[in-house]
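One structure below.
Note that this is a predicted model, so its numbers are computed, not measured. Protein chains get the first letters and strands the later ones, always in sequence-line order, with residue 1 at the start of each.
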Amino acid sequence: MSNQMDKLVLIDGNSIIFRAFYAIPPLTSSSGLHTNAVLGFTTMLLRVLEEEKPTHILVAFDAGKMTFRHEGYAEYKGGRQKTPPELSEQFPLLKELLKAFSIPQFELPGYEADDIIGTMAKLAEEQGKSAIVVSGDKDMLQLATDRVSVLITRKGVSEVERYTPEAIGEKYGITPAQIIDLKGLMGDASDNIPGVPGVGEKTALKLLQEFGTVENVLEKIEEIKGKLRENIESHMDDARMSKKLATIFREVPLDYSLEDVVWKGYDSAALGVAMRKLEFKTLAERLNLGAADEATKAESAESATRYEVVRVETSGWAGLNEVLAEAEAVLVESYGDNPHQAQGIGIAVVSGDKCHVVEYKLLSSPEASVLREWLENGDKPKVSYDLHRVELVLARSGINLKGQAFDVQLAAYLLDPTEADPSLNGLLQRYKLSSILPDEAVYGKGAKYLVPEGEQLAKHLAAKADAVRRMKPLLAEQVEQLGMNRLYYELEQPLSSVLAGMEKQGIAVNGDALKDLGTEFQRRIEEITKGIYESAGFEFNIGSPKQLGEVLFDRLGLPVYKKTKTGYSTDAEVLERLEPHHEIVRLILHYRQLTKLQSTYIEGLLKEIRSDSGKIHTFYRQTIAATGRLSSQFPNLQNIPIRMEEGRQIRKAFVPSEPGWTILAADYSQIELRVLAHISGDEGLKEAFLNDMDIHTKTAMDVFGVQADQVDGNMRRQAKAVNFGIVYGISSYGLSQNLDISRDQATAFIEQYFQAFPGVRRYMDTIVEQAKRDGYVTTLLERRRYLPEIRHSNFNLRSFAERTAMNTPIQGTAADIIKLAMMRMNEALLERGLRSRMLLQVHDELVFEVPEEELELMRKLVPEVMSNALKLDVPLLAEVSDGNNWYEAK
DNA sequence: TAGGTCACG
DNA sequence: ACGTACGTGACCTAC
């Protein structure tokens, strides 16, 4: 019997599987079937089942290609890319799985999934029931009523946003019924619905808030002015038709009643079989599904191995030796963001059914020698989490970690470098493994941080070690499948130790020199502050953008060129334009510069100099940048000033750590453009580098069509900006902003450039196409970055992804190359028994300190190693320089 | 804690 | 038509 508490869940099958396909990284079963979209769909489904607890459910699919919508408009959904085969093959898998869930599936030739859902929702409503519509398509919002809510997936399919009529009103200022008017006006590129040209979401919403419906807009057209009116007038029929196309048809002749979609839960045994077939092992386990066949039963028993937590504190050291001999994973826990200062907490080693846990303070006890020796033994492989950090923490306890074999954090970074959550629990969730207690739940956070008593701590560390053990085979397999074995095992993994070595070494910084410079900066700041107060006629906090904005724009009445979310923009670009208007502006610009230098570079760096050694130890993060670059923290030594002379002085404080030694720096010349020449294969660009031409001058010659001797400084400057634009993923808008020229002018420059370098245009087109097809781009070393938004219907998101597709292979390959060079340099120094030390990496530059007797050798060796790091179709040139400090090594 | 700003490649 | 150049981290102010 039905009653008022009944709840229908109506799922838009095509929309969700499509979303899932592009949101979930590629995944194949052992037989080579792609399963990522089915997995994503299933995750979403389980979530909805759990949260909504439906009494009725169905999944609707589109049937065939033609629908009644094509009768009136043949181009409906035209221009769509063909469904990739990797997705097509997943439809049958999904349908089979839904059967196992006992969920009915509806489809009807001539109608789309949303029509079926609209019809069923109407039916439910008529019978006084409530319904939940689940889709990735905002068109569905037109179905929302007091009884029907719409869940739209976000972030792929992992989250949903709930829309009620109120929520739609709040967000868009319109009613659900007006969604079709919205579409009628703005159209929908992904369905090839035209709408009215020149009308986007914003304009459409404005029109609807004023006129209510498309019909009313058309009727009262004389109230609209200008270009907008012209556009609407000449596309009235398009608007009417678009609205019609966007309208969900709610009278689909279905031979079913609500009784046919009653859901009483799934049959565990059937679902278990289906899931194991798809190799969703952990999902099946999580749901506690039975009916495993013998082989998979053994396998799941294996991965669910129970382990006994053995605390050294209570059980003694016996047995540790055996566990170490066959250790499957080790976990070294520490507290604190900066690994050079982090406090050791404990170590857990897991093997078979035992996990031994040692509190960190016992690591120095005589009985722990077996553990210390194991950690230092390169023949004993360490599978762990964040080995880079572990190596630094252990080093401060006098332990020289060796045998770094596999790091789940580093591997996960290669599998998806854009994924934000690097925590162990985050990884477990990402790979659908059963999760553990979050660190925060165990330790608390901030001021409340407290390491719990022995037993509780031991359990947590053991759970983490076990988590690493469970995750390792999964990640190792995916690294291999994605063709990143060499990248991982020969580059990234060993590089983490090279980085740790540089960080432990540190760079000597002359604190007195910094202080002297700071005194001088302070003097200038005070003088300028006075000048600013005098000029304004009163005192205020110059460092507050809010107060500064009020002074400049409200009190002094300067023109407002740009606004931020919260008020006036006062950034350097704006200030530079305001300079001619008022003397105060120049002073403010200089004030900004000096206070930046003072707080970030004088005071900031002084705080980081270790009093015992006089050195600064940065920490390179290897798992942050989406392109494969390193980043530097505590402090950041990759953004020490150089462009302005005043700031460049800071570099004089970076000195050799031993008397008589020299700072030597070498940087790649135009590495990104050389990489572009290589991967695009453009003949002209290659030729330019083969002849070692000044690339910006060469670009100026081609773009402006002049001889070398006719290129003046301004032309070269503009050509340089064009080259930057090319590397960043060119857009005429960006270039016009940068050069302060018109968009037409910028467009002309770009067109000239592409005519001169047709291979580059070909590359840009191909890489975007490829990204659209595959969903990712790669570097020369097969580093991968997914770009799910490249197929997004939102212009901004899509354009951003397209520029990223152009830029990432370039920036990422450059990152690959310098990482290779660092490996080779490290080996070269060791092989030759040199005392010189590699200290810093700044994306295209390496900084060393060199004893006098090695200086001549290093001047040749470093650029040679860097040049030969990777063989390209153009030479890689590295330029070397040295001096008494980093300033002089330029 | 978020947003604005600015230092670098 | 839409409105940004690509990638980072640190500091300050205001919420």
Can A/Arg743 and A/Ser732 be said to form a side chain to side chain donor-acceptor pair (under 3.5 Å), step by step? CA-CA 6 Å; A/Arg743 268 193 75 167; A/Ser732 58; 3.3 Å; yes
Check every strand shown and say whether [X] touches a base, only sugar-phosphate, or nothing at a heavy-atom separation below 4.0 Å.
| X | result |
| --- | --- |
| A/Ser569 | sugar-phosphate |
| A/Ala572 | sugar-phosphate |
| A/Gln593 | sugar-phosphate |
| A/Thr570 | sugar-phosphate |

Nucleotides 5-15 of chain C: protein proximity per nucleotide (B base, S sugar-phosphate only, - neither; heavy atom, under 4.0 Å): BBBSBBSSSSS
Roughly how many Å apart are C/dT4 and B/dG3, using the P atom of each and rounding to a whole number?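 About 15 Å, rounded to a whole number of Å.
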Suppose you measure atom P in B/dT5 against the same atom in C/dA5; what distance do you get, rounded to whole Å?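 Their P atoms lie roughly 13 Å apart.
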Could you tell me whether a side-chain N or O of A/Thr808 sits under 3.5 Å from a main-chain N or O of A/Ala805, the two making a donor and an acceptor?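 Side chain of A/Thr808 to backbone of A/Ala805, a donor-acceptor pair under 3.5 Å: no, none is there.
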Nearest-Å distance, OH (A/Tyr591) to C1' (B/dT5)?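 Value for this atom pair: 13 Å.
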Return the value, rounded to whole Å, for the distance between atom CZ of A/Arg743 and atom P of C/dC2.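 In whole Å, C/dC2 P and A/Arg743 CZ are 10 Å from each other.
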Could you list the residues that satisfy side chain to side chain contact (heavy atoms under 4.5 Å, CB included) with A/Ala719, not counting sequence neighbours?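 For A/Ala719, the residues satisfying side chain to side chain contact (heavy atoms under 4.5 Å, CB included) (neighbours in sequence not counted) are A/Thr699, A/Ala700.
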